[in-house]
Amino acid sequence: LIDCDFKYPVLHRYGVASEFGLADCLTSDVPVEACISACEEVPCWTMPVGNSKIHANHLLKTNRLADILQRLRMQFDYILINTPPILPLADMNVLAAHADALLLIVRAGSTPQQFVRRALSTVRADIPMHVILNGAGSLPHYMYDYQEMAQV
């Protein structure tokens, strides 16, 4: 799991112990191995944003990102990249060029439909894009009947 949200990084908040991160890898000679750390509870490795004062768009457009991702692809089965929201930043299109598939997470009852439509039309990727509805809450009332039938 790589944190590429340079403006509001969050990965470091989850107890991930790494002195360096992606920005350090992109801007200096810090090796990739020094920027990733294992989670204790689950079989997952993480790479936080790290230390950077440079605008993310400049960092992400370097060839170093492609090299880093290539090295990580040799080590890991899946690489998930946490990005900033699609709107209003251009970072997503830069990152999409390095992805095999895109997941758009939409918060139910919170994200306006016009934002979702605009976000979908903004991404210029020729790769599969999937939408995940998050925070849907409880099941619709008619689903409870099916759930009760399954328990009988």
Side-chain angles (χ1 to χ4, degrees), residues 1-139 150:
L1 177 60
I2 303 172
D3 197 348
C4 284
D5 190 341
F6 288 84
K7 188 169 183 175
Y8 297 108
V10 295
L11 202 53
H12 65 281
R13 294 183 190 164
Y14 296 100
V16 177
S18 182
E19 182 180 347
F20 302 108
L22 179 61
D24 302 297
C25 229
L26 291 170
T27 59
S28 67
D29 292 332
V30 174
V32 173
E33 294 74 23
C35 299
I36 58 176
S37 59
C39 295
E40 293 179 12
E41 298 85 24
V42 293
C44 179
W45 289 75
T46 60
M47 179 184 284
V49 164
N51 306 306
S52 174
K53 303 295 182 219
I54 302 171
H55 191 274
N57 217 3
H58 299 298
L59 286 176
L60 297 175
K61 286 184 177 179
T62 67
N63 289 336
R64 295 238 342 128
L65 179 61
D67 296 340
I68 290 166
L69 290 172
Q70 185 59 33
R71 287 192 66 186
L72 293 171
R73 284 175 189 228
M74 290 187 282
Q75 285 182 268
F76 299 101
D77 294 329
Y78 301 98
I79 298 173
L80 302 175
I81 300 174
N82 179 51
T83 67
I86 293 176
L87 303 174
L89 304 174
D91 298 353
M92 188 58 216
N93 283 312
V94 174
L95 291 166
H98 298 284
D100 296 324
L102 301 175
L103 300 174
L104 175 63
I105 312 298
V106 176
R107 181 169 292 157
S110 176
T111 307
Q113 286 184 10
Q114 68 267 21
F115 285 7
V116 175
R117 285 189 195 101
R118 187 167 162 218
L120 291 170
S121 67
T122 300
V123 177
R124 299 181 307 255
D126 293 330
I127 56 176
M129 185 166 194
H130 308 280
V131 177
I132 295 176
L133 186 61
N134 189 14
S138 61
L139 295 171

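- Summarising the geometry of Arg118 relative to Ser121, their closest heavy-atom pair is O-OG, 2.9 Å, with the distance given to 0.1 Å.
- Within the model, atoms CG of Asn134 and OG1 of Thr111 stand 9.0 Å from one another, a figure rounded to the nearest 0.5 Å.
- Between Met47 and Val32, some side-chain heavy-atom pair lies under the 4.5 Å cut-off.
- Of all non-hydrogen atoms in Asp3 and Val10, the two that sit nearest each other are OD2-N, 2.9 Å.
- Under the 3.5 Å distance criterion, the side-chain polar atoms of Arg64 are matched with a main-chain donor or acceptor of Cys25.
- Side-chain contact between Asp100 and Arg73 is present, with at least one heavy-atom pair separated by less than 4.5 Å.
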Please walk me through it: do Ile2 and Ile68 pass side chain to side chain contact (heavy atoms under 4.5 Å, CB included)? CA-CA 11 Å; Ile2 303 172; Ile68 290 166; 5.7 Å; no

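- In this structure a side-chain-to-backbone donor-acceptor pair under 3.5 Å is missing from Asp5 to Asn82.
- Crowding of Phe115 atom CZ: a count of heavy atoms from other residues, nucleotides or ligands under 6.0 Å not exceeding 12.
- Shortest non-hydrogen contact noted between Ile127 and Ala99 is CD1-O, 3.4 Å.
- Here the closest heavy-atom approach between residue Cys39 and residue Thr46 is recorded as SG-CG2, 3.7 Å.
- Heavy-atom minimum distance, Pro48 versus Cys35: CD-O, 3.6 Å.
- Rounded to the nearest 0.5 angstrom, Ile132 CD1 and Arg107 CZ are separated by 13.5 Å.
- The two residues Ala23 and Asn51 make their nearest non-hydrogen contact at CB-O, 3.8 Å.
- Of the candidates Val49, Ile36, Ile81, Leu65, Leu65 is the only one forming a side-chain contact (heavy atoms from CB on, under 4.5 Å) with Leu22.
- Going from atom OG1 of Thr83 over to atom CG of Leu95 covers 6.5 Å, rounded to the nearest 0.5 Å.
- The local environment of CD in Gln113 is sparse, with at most 12 non-hydrogen atoms from other residues, nucleotides or ligands closer than 6.0 Å.
- Here Phe76 contributes atom CZ and Cys44 contributes atom SG; the two are 8.5 Å apart, rounded to the nearest 0.5 Å.
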